[in-house]
Amino acid sequence: METVAIFVDVQNIYYTTRQYFSRHFNYGSFWTEVTRDRQVVKATAFAIDRDDEKQRLFQNILRSIGFEVKLKPFIRRRDGSTKGDWDVGITLDILDCAPHADVVVLASGDGDFDLLIHKIREQHRVSVEVYGVAELTARSLIQAASKFLPITDRLLLAANKA
């Protein structure tokens, strides 16, 4: 059975699906798709901790699906700017895990990961599947992946009817 390591850039997926589709990502459908006929060796969702009850409920849903949830505090600087990304943490975890998986799945549209994807494909001969909103995913990331799978209706929760 093929082994898979799954990494989700929660903030990127949240904002891109909300911006493009005005809908939320369906983590359950995503899990079903990426784990079908595969053995999971690692599954991590990287998120920002805003110390909010709704966020805690969401994080518990991710855990119940099968993800380890890694949290980083949300930081608002004095000048009003904010900080809260996991690029380095995601990179380190993928570098650690790539030698132990046949497939690495990355859910993110962030082009900063393109060099990482090239490196692990070359160094570890691992297949890399990238999931992202096609229109908002960096071309360089799409080109670096072994396979790009656009987020479409199949991976979105139903739209809220007001």
Side-chain angles (χ1 to χ4, degrees), residues 1-76 82-98 100-110 112-113 116-117 126-138 141-142 145 147-162:
M1 186 176 273
E2 193 172 57
T3 57
V4 63
I6 307 158
F7 302 90
V8 180
D9 181 348
V10 171
Q11 301 317 113
N12 181 278
I13 295 302
Y14 172 78
Y15 286 109
T16 57
T17 56
R18 190 176 80 171
Q19 179 183 337
Y20 195 76
F21 298 106
S22 299
R23 290 169 63 192
H24 292 286
F25 189 63
N26 187 329
Y27 284 90
S29 295
F30 171 71
W31 182 270
T32 299
E33 184 169 309
V34 299
T35 62
R36 187 172 294 119
D37 299 323
R38 292 173 167 171
Q39 178 185 349
V40 178
V41 294
K42 185 169 186 75
T44 308
F46 297 84
I48 303 305
D49 185 6
R50 293 178 185 259
D51 197 29
D52 158 286
E53 186 58 30
K54 242 174 104 171
Q55 286 288 309
R56 276 191 288 281
L57 292 171
F58 168 68
Q59 293 156 10
N60 287 335
I61 290 168
L62 291 175
R63 289 182 186 98
S64 72
I65 290 169
F67 289 99
E68 171 190 4
V69 177
K70 290 192 176 182
L71 298 172
K72 184 179 267 194
F74 177 76
I75 298 167
R76 184 172 304 279
T82 60
K83 180 173 177 26
D85 77 58
W86 266 105
D87 291 5
V88 173
I90 293 169
T91 297
L92 292 173
D93 274 16
I94 289 176
L95 285 171
D96 284 346
C97 206
H100 311 290
D102 300 313
V103 179
V104 169
V105 172
L106 172 64
S108 179
D110 189 336
D112 290 343
F113 294 118
L116 167 68
I117 300 309
V126 65
S127 176
V128 179
E129 297 174 1
V130 170
Y131 282 74
V133 174
E135 295 79 3
L136 300 176
T137 298
L141 183 61
I142 292 170
K147 186 176 186 181
F148 175 72
L149 297 109
I151 293 171
T152 59
D153 207 53
R154 79 191 189 291
L155 295 175
L156 297 169
L157 293 173
N160 288 342
K161 301 239 188 321

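- Here the CD atom belonging to Gln55 is positioned 9.5 Å from the CG atom belonging to Leu57, to the nearest 0.5 angstrom.
- To the nearest 0.5 Å, atom CH2 of residue Trp31 and atom OG of residue Ser64 are 10.5 Å apart.
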Next item on the list: Go through the steps to decide whether Leu106 and Ile94 satisfy the test side-chain contact (heavy atoms from CB on, under 4.5 Å), and finish with yes or no.
Entry: CA-CA 9 Å; Leu106 172 64; Ile94 289 176; 4.2 Å; yes
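- Electrostatic pairing of Lys42 and Asp96 does not count as a salt bridge here, judged by no charged N lying under 4.0 Å from a carboxylate O.
- Proximity of Leu156 to Asn26: side-chain heavy atoms (C-beta onward) are nowhere separated by under 4.5 Å.
- Rounding to the nearest 0.5 Å gives a distance of 12.5 Å between CZ of Phe21 and CG of Leu157.
- The shortest non-hydrogen separation linking Leu71 to Val69 is CD2-CG1, 3.8 Å.
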Checklist line | side-chain contact (heavy atoms from CB on, under 4.5 Å) between Asp87 and Asp112, worked out | finding: CA-CA 8 Å; Asp87 291 5; Asp112 290 343; 3.2 Å; yes
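- Residues Lys70 and Lys72 are not in side-chain contact: their nearest non-hydrogen atoms beyond the backbone lie 4.5 Å or more apart.
- Side-chain contact between Cys97 and Val41: present, with at least one pair of heavy atoms (C-beta onward) separated by less than 4.5 Å.
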Notebook entry, point to check: Under the salt bridge (Lys or Arg N to Asp or Glu O under 4.0 Å) criterion, do Arg154 and Glu33 qualify, and how do the steps go?
Noted result: CA-CA 10 Å; Arg154 79 191 189 291; Glu33 184 169 309; 2.9 Å; yes
Note to self: Checking Leu136 against Gln19 for the side-chain contact (heavy atoms from CB on, under 4.5 Å) test, could you report, in this order, the C-alpha distance in whole Å, the side-chain angles of both residues, the deciding distance, and whether it holds?
What the structure shows: CA-CA 9 Å; Leu136 300 176; Gln19 179 183 337; 3.9 Å; yes
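- When side chains are defined from C-beta on, Tyr14 counts as touching His24, because their heavy atoms get closer than 4.5 Å.
- Judged by distance alone, the side chain of Gln11 and the main-chain N or O of Ile48 form a donor-acceptor pair under 3.5 Å.
- Inter-residue side-chain proximity for Arg23 and Asp153 is flagged as met; some heavy-atom pair is nearer than 4.5 Å.
- Between Thr137 and Leu141 the shortest heavy-atom distance is CG2-CD2, 4.1 Å.
- Proximity of Phe113 to Val130: side-chain heavy atoms (C-beta onward) are nowhere separated by under 4.5 Å.
- Here Asp49 does not pair with Arg56 in a salt bridge; the nearest charged N to carboxylate O distance is not below 4.0 Å.
- Looking only at distances, a side-chain donor or acceptor of Trp86 sits under 3.5 Å from a matching main-chain atom of Ala47.
- A salt bridge is absent between Arg38 and Asp102: the closest approach of a Lys/Arg side-chain nitrogen to an acidic carboxylate oxygen does not fall below 4.0 angstrom.
- Contact record, Ala45 with Val10: CB-CG2, 3.8 Å, taken as the closest heavy-atom pair.
- Contact check for Asp37 versus Glu2: no side-chain heavy atoms found under the 4.5 Å cut-off.
- The minimum heavy-atom distance between Asp110 and Ala138, with the atom names listed, is C-CB, 4.5 Å.
- Residues Asp9 and Ser108 come closest through the heavy atom pair OD2-OG, 3.2 Å.
- One distance of note links OG of Ser29 with CD1 of Ile151; it measures 11.5 Å at 0.5 Å rounding.
- Summarising the geometry, atom CD1 belonging to Ile117 is positioned 8.5 Å from atom OG1 belonging to Thr91; distances are rounded to the nearest 0.5 Å.
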Next item on the list: List the steps and the verdict of side-chain contact (heavy atoms from CB on, under 4.5 Å) for Asn60 and Phe58.
Entry: CA-CA 5 Å; Asn60 287 335; Phe58 168 68; over 6 Å; no
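- Taking the six-membered ring where tryptophan is involved, the planes of Phe30 and Phe67 are essentially parallel, since the angle between them stays under 30° and well short of 60°.
- Between Leu155 and Phe25, the closest heavy-atom pair is O-CD1, 3.4 Å.
- In this structure, the side chains of Ile6 and Thr44 stay at 4.5 Å or more apart for every pair of heavy atoms.
- The structure places CD of Glu68 at 9.5 Å from CZ of Phe7, a figure rounded to the nearest 0.5 Å.
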